[in-house]
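Worksheet: one structure, shown below.
Predicted model, so just to flag it, every value in this text is computed and none were measured.
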Amino acid sequence: MRTPATILRRLLAVGIILAVLAAILWFFAIRWNPDRTAFPVQGVDVSHHQGAIEWKRVAAAGAGFAYIKASEGADLHDEAFATNWADAGSAGLQRGAYHFFTLCRAGAEQATNFISMVPRDEAALPPALDLEFGGNCAARPDRATLLANIETYIHMVEAHSGKPVVLYLTREFDEAYRISDAVDRPLWLRRLFIEPAYGARQWVMWQASNLRRVDGIEGPVDWNVVRNDR
């Protein structure tokens, strides 16, 4: 017969084993990135949430590019954008700017906000438009209204930048509004640790992790790869 002490010892042993396995998985997760043979071009996307960034250390750690948050909605400016933009460029990283699209403001207002923050730069990566539910307002416009606002935004930003807008899409957002079916622009898709298999066409960029630890950045950061043929 098992005594209470025996049961307790076994439970403690199981707990220790599970804790060790969790620690191993965490150690792997924060250092993992997709195979560089298949995806040699890899980089980060950041905002003010990452705090002060030492961009030369980030470049030395293997990041070849950075997408940097510039704006959100119609009036929010990322307070770290100007510093990140200048310092990432000085460190030799290719850089692009992105805008977080809110569901409760007009596309023209949001495009004006982004354009006010981001200089026209022939050497910059194409501007990106972040379309997701996480962190968004509670409004859920109908598909036709949202597509009209997105198309207005794209028209204005592409006229400013001279480059096609890249669409950052989560699976939930794309399934709800079928954006990739209606808007023919390069796709930047999010799926942690597993290559994305959604969207109306092949992705150009893949956000593969939101846990990556990179020298020069305090705490976790999003890690992305570019398709080798793009």
Original post:
Any donor and acceptor pair, going by atom type alone, linking the side chain of Asn224 with main-chain N or O of Ala208 inside 3.5 Å?
Top reply: no
Subject >> Close side-chain approach of Asn84 to Trp55, heavy-atom, < 4.5 Å >> reply: yes
Original post:
Any side-chain heavy-atom pair from Leu146 and Phe173 closer than 4.5 angstrom?
Top reply: yes
Original post:
Considering the options His48, Lys69, His49, which one meets the side-chain hydrogen bond (donor to acceptor under 3.5 Å, both in side chains) requirement together with Asp78?
Top reply: His48
**OP:** Answer yes or no: is there an ion pair linking Asp121 with Arg95, defined by an N-O contact shorter than 4.0 Å?
**Re:** yes
**OP:** State whether the number of non-hydrogen atoms from other residues, nucleotides or ligands found under 6.0 Å of Glu109 atom CD is greater than 12.
**Re:** yes
**OP:** Inspect the surroundings of CD in Glu218 and state if more than 12 heavy atoms from other residues, nucleotides or ligands are less than 6.0 Å away.
**Re:** no
Original post:
Would you say the ring centroid of Tyr98 lies under 6.0 angstrom from that of Tyr67?
Top reply: no
Subject >> Over all atoms of both residues, closest heavy-atom pair of Gly134 and Phe100 >> reply: O-CZ, 3.4 Å
Original post:
What about Tyr198 and Trp203, are their ring centers closer than 6.0 Å?
Top reply: no
**OP:** Would you check, one step at a time, whether the test side chain to side chain contact (heavy atoms under 4.5 Å, CB included) holds for Val226 with Phe65?
**Re:** CA-CA 10 Å; Val226 176; Phe65 69 89; 3.7 Å; yes
Subject >> Flag, side chain of Asn113 to backbone of Gly73, donor-acceptor distance under 3.5 Å >> reply: yes
Subject >> Min side-chain heavy-atom separation Arg191-Ile194 under 4.5 Å >> reply: yes
**OP:** State, yes or no, whether a side-chain contact exists between Arg227 and Gln202 at a heavy-atom distance under 4.5 Å.
**Re:** yes
Subject >> N/O donor-acceptor pair under 3.5 Å between Glu151 side chain and Ala148 backbone >> reply: no
Original post:
Which atom names give the shortest non-hydrogen contact between Val157 and Pro127, and what distance separates them?
Top reply: CG1-CG, 3.7 Å
Subject >> Considering all heavy atoms, the nearest Ala159-Arg120 contact >> reply: O-NH1, 3.6 Å
Subject >> Partner of Val58 under side-chain contact (heavy atoms from CB on, under 4.5 Å), chosen from Val46, Asp215, Ile53, Val221 >> reply: Ile53
Original post:
When you check the side-chain N and O atoms of Gln42 and Trp223, is any donor under 3.5 Å from an acceptor?
Top reply: yes
Original post:
Taking the six-membered ring for Trp, are Phe133 and Tyr177 parallel (under 30°), tilted (30 to 60°) or perpendicular (over 60°)?
Top reply: tilted
Subject >> Arg178 vs Arg143, side chain to side chain contact (heavy atoms under 4.5 Å, CB included): CA-CA, chis, key distance, verdict >> reply: CA-CA 8 Å; Arg178 306 191 314 280; Arg143 182 171 184 258; 3.1 Å; yes
Subject >> Side-chain donor or acceptor of Arg185 paired with backbone N/O of Val166 under 3.5 Å >> reply: no
Subject >> Interatomic spacing from CD1 in Ile179 to CG in Leu169 - rounded to 0.5 Å >> reply: 6.5 Å
**OP:** Verify, without hydrogens or angle tests, whether Glu158 (side chain) and Val165 (backbone) share a donor-acceptor contact under 3.5 angstrom.
**Re:** yes
Original post:
Between the main-chain N or O of Leu103 and the side-chain N or O of Asn136, is there a donor-acceptor pair closer than 3.5 Å?
Top reply: yes
Original post:
Can you check whether Ile154 reaches Leu167 side chain to side chain, under 4.5 Å on heavy atoms?
Top reply: yes
Subject >> Any side-chain donor near an acceptor of the partner, Thr145 and Asp142, under 3.5 Å >> reply: yes
Subject >> Residue pair Leu129, Tyr168: steps toward the side chain to side chain contact (heavy atoms under 4.5 Å, CB included) verdict >> reply: CA-CA 6 Å; Leu129 181 60; Tyr168 172 93; over 6 Å; no
Original post:
So how far is it from Ile68 CD1 to Phe81 CZ, rounded to the nearest 0.5 Å?
Top reply: 6.5 Å
Original post:
Is there a donor-acceptor pair under 3.5 Å between the side chain of Arg201 and the backbone N or O of Ser180?
Top reply: yes
**OP:** Measure the spacing between OG of Ser161 and CE of Met156 and express it to the nearest 0.5 Å.
**Re:** 12.0 Å
Original post:
If you round to the nearest 0.5 Å, how far is CD of Gln110 from CG of Leu76?
Top reply: 11.0 Å
**OP:** Would you name the heavy atoms of Ala59 and Leu93 that are closest together and state the gap between them?
**Re:** CB-CD1, 3.2 Å
Original post:
At their closest point, which heavy atom of Trp85 faces which heavy atom of Pro119, and how far apart are they?
Top reply: NE1-CG, 3.9 Å
Subject >> Side-chain H-bond candidate by donor/acceptor type, His99 with Ser71, under 3.5 Å >> reply: yes
Original post:
Between the side chain of Lys56 and the main-chain N/O of Ala88, is any donor-acceptor distance below 3.5 Å?
Top reply: no
**OP:** Give the minimum heavy-atom separation between Ser116 and His77, together with the two atoms involved.
**Re:** OG-NE2, 3.8 Å
Original post:
How far does CE of Met205 sit from CG of Asp45, to the nearest 0.5 angstrom?
Top reply: 7.0 Å
**OP:** Mark yes or no for whether Arg190, through its side chain, and Asn210, through its backbone, hold a donor-acceptor pair below 3.5 Å.
**Re:** no
Original post:
Do Leu131 and Trp188 touch side chain to side chain, with heavy atoms closer than 4.5 Å?
Top reply: no
Original post:
Are any non-hydrogen side-chain atoms of Phe101 and Ile150 less than 4.5 angstrom apart?
Top reply: yes
Original post:
Checking Asn149 side chain against Ala106 main chain: does a donor-acceptor pair fall under 3.5 Å?
Top reply: no
Original post:
Going by heavy atoms in the side chains, are Leu189 and Gln207 under 4.5 Å from each other?
Top reply: no
Subject >> Separation between OG1 of Thr112 and CZ of Arg105, rounded to the nearest 0.5 Å >> reply: 11.0 Å
